[in-house]
**Student:** 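Structure provided below as structure tokens; questions to follow.
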Amino acid sequence: MFSAFSVRGRGAARRAAVALVSGLFATGALAGAGPAAAEETPQHQAGASATLDGLTTFDRAVLRDGGQEHELPAGLFEMTVDGGGRLKTYCIDIHNPTQEQAKYLETPWDQTSLGANKDAGRIRWILQHSYPQVDDLMGLAERAGTGALTERTAAAGTQVAIWRYSDGADVEAIDPAAEKLADWLEKKAKNVAEPRASLSLEPSAVSGKAGGRLGPVTVRTDADRVAVTPPADSAASGVTVTDEAGKRVTTAADGSRLYFGIPSGTPDGTAALSVQATTNVPVGRAFAGVTKSQTQILAGSSQSTVSSTATATWAKAGPIPALTAEKNCAAGSVDITATNKGDEAFTFSLMGFKHSVAPGESRTVTVPVPEDQAYDFTITGPGGFSKNFKGVLDCKTTGSTGPAPAEPAPQPSAASAGGTFGGDENLAATGASNVTPIIAGTAIGLVVIGGAAILFVRRKKAPSTEE
């Protein structure tokens, strides 16, 4: 039996389990992830990853919440992209603080609060039609009828308009011109589609028998071309990356289908290919914290390094698994999918339960996770098999949480030290001055839940991953 509970009563059982898991977090009964674990980059990263530098171009706003008024900064954050590049972002999570030097990952809307927000497309429209995408502030002021705008007041007005749609916040810019801009943007905004990822590989894991080609892994990218890097030990192992015709490839484009070529007689093993590109990350992409830190949305990107990785597992016989994990904000859970391309059942353990996937099948285990909590799952199987997935489930904005974000610290920001951006970029130049407040948080690792967890299952025939 793959599920810990029968189909009947799943809803009530799941609610009870979530309540129990939440209670365990509240009482500190679960093991916590140490600092090193909190800093590790999660698996199956795709697109851009970046480190938050701070709030750099901002003015003031007033948030009315629970019968109280809170004055707070409103404006643009900046991030440094791993591998090179700069990002500018606005907050879409007004009540939650940021963490100093927090790590962020490019994330699909449906894995953030935007997935359940019917006005998410309006936020992207605002980003496309205001600062910094529109850096002609005189023209913007004329169209919006605001009076003179500066970079600071334009950023504040844009952030206020976004908060009204992202958080449903009762918020107002203090500067009159910024407030007029916010009102104009809010009124004019239209729903537009989510931008596609800067770079991803689908699926991120494949498996099959040695002596053939495993795949396809499809490239999805906003870049013109991407560089393809074969497995690190490919020269010794003979494992190659090919196209559909079996020709080795070193570059690919959007829609390219890549395969792992595994020679006959290759010892059982696992390999990874990676793709990388330098491109402008599309405006409107969400960025979620690796640890708990307020969710951001992209307002501008320099030429930035983006990457993605896919793995292949092969064997001569027996179970041959491929595992992936994905946040499921609609269900308040993490979905762990196991595919078995072998000729024997793949049996694995997860949180005290054993599960079996028959040859040629794929099944998904849905694990409830409390909102705003870290998770850390390790799947173990025969022959020393082990796969770890970790992250934070941050799917909701909080309608009323008390104090507003703290004041920016009065020291210079690393992001503003260089003044303006040069080169072929779609980041407007900024006159940034101060760094944002940053309130450190502690991530709690969800390591042990045991019988408290409810596991739901979706079963389907595994897609073909070898030729």
Side-chain angles (χ1 to χ4, degrees), residues 25-26 28 30-43 45 47-58 63 70 72-82 85-107 111-114 159 162-163 166-167 285-299 327 329 369-376 390-398 401-416 432 434-447:
F25 275 102
L30 293 179
E39 293 172 1
E40 291 179 6
T41 301
Q43 296 86 350
Q45 170 189 333
S49 60
T51 300
L52 184 69
D53 294 319
L55 185 67
T56 57
T57 308
F58 63 94
L63 171 67
H70 309 278
L72 72 165
L76 277 167
F77 290 83
E78 293 191 13
M79 298 186 187
T80 300
V81 179
D82 295 350
R86 307 284 296 163
L87 305 177
K88 291 190 177 185
T89 61
Y90 286 107
C91 164
I92 52 171
D93 197 3
I94 190 172
H95 291 284
N96 287 311
T98 57
Q99 292 188 42
E100 185 175 4
Q101 291 291 291
K103 176 78 76 176
Y104 279 81
L105 302 178
E106 184 180 342
T107 304
Q111 295 183 38
T112 72
S113 60
L114 295 176
Q159 176 66 92
I162 289 170
W163 276 334
S166 66
D167 295 74
R285 292 296 291 171
F287 279 78
V290 171
T291 53
K292 179 60 180 172
S293 189
Q294 66 180 209
T295 308
Q296 306 277 315
I297 193 165
L298 187 70
K327 297 176 187 177
C329 282
V369 175
E371 174 69 12
D372 293 339
Q373 299 293 352
Y375 58 87
D376 189 342
K390 62 179 63 177
V392 175
L393 195 72
D394 185 5
C395 296
K396 300 176 182 178
T397 59
T398 306
T401 63
E407 291 290 323
Q411 67 263 27
S413 165
S416 64
N434 295 330
V435 73
T436 187
I438 308 200
I439 302 174
T442 302
I444 301 173
L446 180 53
V447 180

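Computed from a predicted model, the values in this text were never measured in an experiment.
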**Student:** Quick check: do L105 and V290 have side-chain heavy atoms less than 4.5 Å from each other?
**Tutor:** yes
**Student:** Calculate, to the nearest 0.5 Å, the distance between atoms OG1 and NZ belonging to T291 and K390 respectively.
**Tutor:** 12.0 Å
**Student:** In Å, rounded to the nearest 0.5 Å, how long is the span from OG1 of T107 to CD of Q296?
**Tutor:** 11.5 Å
**Student:** Using every non-hydrogen atom in the two residues, find where S113 and T397 come nearest and quote the distance to one decimal.
**Tutor:** OG-CG2, 3.7 Å
**Student:** Only counting residues at least two apart or in another chain, list the ones meeting salt bridge (charged side-chain N to carboxylate O under 4.0 Å, His left out) with D93.
**Tutor:** none
**Student:** Using the side-chain contact (heavy atoms from CB on, under 4.5 Å) definition, which of the options T51, L298, L87 pairs with M79?
**Tutor:** L87
**Student:** I need the minimum non-hydrogen distance between W163 and A74, along with the two atoms involved.
**Tutor:** CZ3-CB, 3.6 Å
**Student:** Enter the distance from L63:CG to I94:CD1 here, rounded to the nearest 0.5 Å.
**Tutor:** 4.5 Å
**Student:** Rounded to the nearest 0.5 Å, what's the gap from CD on Q101 to OG on S293? Could you check?
**Tutor:** 11.0 Å
**Student:** Using side-chain hydrogen bond (donor to acceptor under 3.5 Å, both in side chains) as the criterion, point out the one residue from K292, K327, Q373, Q294 that pairs with D394.
**Tutor:** K292
**Student:** How close do T112 and A286 get, counting heavy atoms only, and between which atoms?
**Tutor:** CG2-CB, 4.1 Å
**Student:** Please report the interatomic distance CD1(I92) to CG(D167), rounded to the nearest 0.5 Å.
**Tutor:** 8.0 Å
**Student:** If I take atom OG1 from residue T89 and atom CD1 from residue I297, how far apart are they, to the nearest 0.5 angstrom?
**Tutor:** 9.5 Å
**Student:** Please give me the minimum heavy-atom distance between L393 and V369, naming the atom from each residue.
**Tutor:** CD2-O, 3.2 Å
**Student:** Is there a side-chain contact (heavy atoms from CB on, under 4.5 Å) between T56 and K88? Walk through the geometry before answering.
**Tutor:** CA-CA 9 Å; T56 57; K88 291 190 177 185; 5.8 Å; no
**Student:** With sequence neighbours excluded, tell me which residues meet disulfide bond (SG atoms under 2.5 Å apart) with C91.
**Tutor:** none
**Student:** Please report the shortest heavy-atom distance between F287 and Y104, naming the atom on each side.
**Tutor:** O-CD2, 3.4 Å
